[in-house]
Amino acid sequence: MSSSVRISQSSAQRSVEPYQYEKLSDRPSEKPLISVLVPAYNEAAILEDNLNILCDYLRTIETQYSWEIILVNDGSRDNTGSLAELAAQHHPGIHVVHHRVNQGLGQALKTGFEQCRGQYIVTLDLDLSYAPEHIEKLLQKIQVTQAKVVVISPYMSGGRVSNVPWSRLMLSVWANRFLSLAAKRDTATLTGMVRAYEASFIKSLSFRSTGMDVNPEILYKARMLKVPIVEIPGHLCWLNHSRPRQTERPAPRKSSMKILRHSWSVIFYGFIFRPVMFFVLPGLLLSLGAAYVFAHIGMHCLEAYSALAAAGEAVELQAMISKAFVQYPQDFFLGMITLILSFQFLSLGLLAMQMKHYFEESFFLGTQINQSTRSN
């Protein structure tokens, strides 16, 4: 294991058999083991209360599932790590993994997936912006549908959002609408982290993102492999710290998202999902514009023809075009520029679609080889 990752003692002991969940799942009499993966970065203010709430909830579903919590302390600068270790001492089901330095959400998920033993893995925000009750809904859906991924969505029919700042909500809504359009509207929420995965699938999936863009990347690559992805409605509710235990209204929480980086990742994955939106469609629109301009040029040429014929001059094609050009040079320039740009966009679009096809073929082949290696 990389020197930048440290596992608490309780985690190290059980990590000798990282695929124990497969043995459990082969015995129908055993309750399925679920792993709740919780990344944490500078969460000392909410860690103790929210872990207690999460453990209390998981105990309510122990008749159906065995469970463990894998908490990845992603190089926190506060005392998140020490508090997590204390929580693990009080709750035997909690196992803590430490990154020595902050490596980002994507890397925290990779590290956590490696340590999970469960047949199913549920990823959850430590702030409990999605209440723990979503866990059972995710698990029920993934078992009934046999999907590889189940996504919680506040933006689909039946979902709702509470207490999220307007600016942050608009960014999230439009980012997901854009990505949903690029993904052919298969999924309404592509940026959310709260999901359930079949463990064998997510462990075999290769993804490279280390930041928040890991979430759309996972769905993109799952779609490439044509695995079942299911979405269920959820309630996104931002709270100040832990979930309120009284009826008073919680104070709004501030967003720490890096807006520019997130916006760039949304645009990038929109392009990855469907490059035709960025090149072919603009190219076709420019082609229509060029056709419209050249239709005007044709009308100007006919006017020039009529003028030359009325003057008794010899009407030649070159003379007719020259006269139209002298009178309307802007139309000729606009038409040529538009035509050239349309050809360029269409060419880039075809190249992008070809490269996307080659990448998908290579990724599919690599995934098959990776799965075969793991099974051996």
Side-chain angles (χ1 to χ4, degrees), residues 19 21-38 57-58 60-70 109 112-113 116-125 129-160 176 179-207 214-236 273 360 363-364 367-368 370-371 374-375:
Y19 296 103
Y21 68 90
E22 293 178 351
K23 298 177 183 177
L24 291 172
S25 64
D26 291 338
R27 294 182 290 175
S29 60
E30 295 285 352
K31 292 181 293 186
L33 174 63
I34 62 167
S35 299
V36 180
L37 174 54
V38 184
Y57 169 75
L58 290 172
T60 66
I61 60 173
E62 284 182 341
T63 55
Q64 300 171 270
Y65 307 100
S66 300
W67 58 271
E68 65 176 1
I69 296 175
I70 307 298
L109 291 178
F113 290 145
C116 290
R117 295 184 303 158
Q119 181 180 352
Y120 302 107
I121 300 174
V122 176
T123 50
L124 193 69
D125 289 305
S129 50
Y130 289 92
E133 287 74 18
H134 288 89
I135 294 175
E136 188 174 12
K137 296 177 182 179
L138 288 166
L139 293 171
Q140 288 176 347
K141 197 68 175 181
I142 200 169
Q143 289 178 295
V144 169
T145 62
Q146 297 295 302
K148 302 297 184 182
V149 186
V150 178
V151 180
I152 284 287
S153 172
Y155 303 128
M156 68 180 296
S157 176
R160 58 196 180 104
N176 280 286
L179 289 175
S180 178
L181 178 63
K184 301 180 181 180
R185 299 190 180 279
D186 290 342
T187 310
T189 302
L190 290 89
T191 61
M193 190 191 76
V194 181
R195 300 169 181 174
Y197 299 101
E198 183 187 84
S200 58
F201 166 72
I202 195 62
K203 289 185 177 186
S204 69
L205 188 68
S206 174
F207 53 93
V214 66
N215 296 314
E217 181 185 357
I218 288 175
L219 290 188
Y220 167 65
K221 291 183 174 177
R223 288 181 71 250
M224 278 199 299
L225 297 173
K226 301 186 185 302
V227 303
I229 301 172
V230 177
E231 193 172 31
I232 61 175
H235 179 201
L236 171 60
F273 272 105
E360 291 177 351
F363 178 77
F364 183 81
T367 301
Q368 295 300 312
N370 186 26
Q371 290 176 344
R374 283 179 173 272
S375 62

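Heavy-atom minimum distance, Val122 versus Leu139: CG2-CD2, 3.9 Å. Closest of all the heavy-atom pairs between Ala147 and Glu198 is O-CB, 4.5 Å. Shortest non-hydrogen contact noted between Leu37 and Gly112 is CD1-CA, 3.5 Å. In plain terms, the two heavy atoms of Leu124 and Tyr130 that are nearest each other are CD1-O, 3.9 Å. Residue Pro233 comes nearest to Ile152 through the heavy atom pair O-CD1, 4.1 Å, listed as atom of the first residue, atom of the second, then distance.
At a threshold of 4.5 Å between non-hydrogen side-chain atoms, the residues Phe207 and Val214 count as touching. In this structure, Glu136 and Tyr57 have side chains that are in contact, with non-hydrogen atoms separated by less than 4.5 Å. Counting heavy atoms from C-beta on, the side chains of Leu219 and Arg195 come closer than 4.5 Å. Side-chain contact between Lys141 and Lys137 is absent, with no heavy atoms from C-beta onward closer than 4.5 Å. Contact of the Val230 side chain with the Ile142 side chain is not registered, since no non-hydrogen atoms from C-beta on lie closer than 4.5 Å. You'll find the side chain of Phe201 reaches within 4.5 Å of the side chain of Val149, heavy atoms only. Side-chain atoms of Ile218 and Ile202, non-hydrogen and from C-beta on, do get closer than 4.5 Å to each other. Contact annotation: the side chain of Leu33 never approaches that of Tyr65 to less than 4.5 Å [non-hydrogen atoms, C-beta and beyond].
When atom types are taken as modelled, the side chain of His235 and the backbone of His134 share no donor-acceptor pair closer than 3.5 angstrom. Under the 3.5 Å distance criterion, the side-chain polar atoms of Arg223 are left unmatched by any main-chain donor or acceptor of Ile229. Counting only distance, with no hydrogens or angles, the side chain of Glu68 and the backbone of Arg117 share a donor-acceptor pair below 3.5 Å. For the pair Thr189 (side chain) and Gly192 (backbone), a donor-acceptor distance under 3.5 Å is absent.
Distance check: Tyr120 OH to Lys148 NZ gives 9.0 Å after rounding to the nearest 0.5 Å. Between the CD atom in Gln119 and the OG atom in Ser200 there is a gap of 8.5 Å [rounded to 0.5 Å].
Among the candidates Leu190, Val150, Thr187, the single residue satisfying the side chain to side chain contact (heavy atoms under 4.5 Å, CB included) test with Glu231 is Thr187.
Aromatic rings of Tyr197 and Phe113 (six-membered ring for Trp) have centroids within the 6.0 Å cut-off, being under it.
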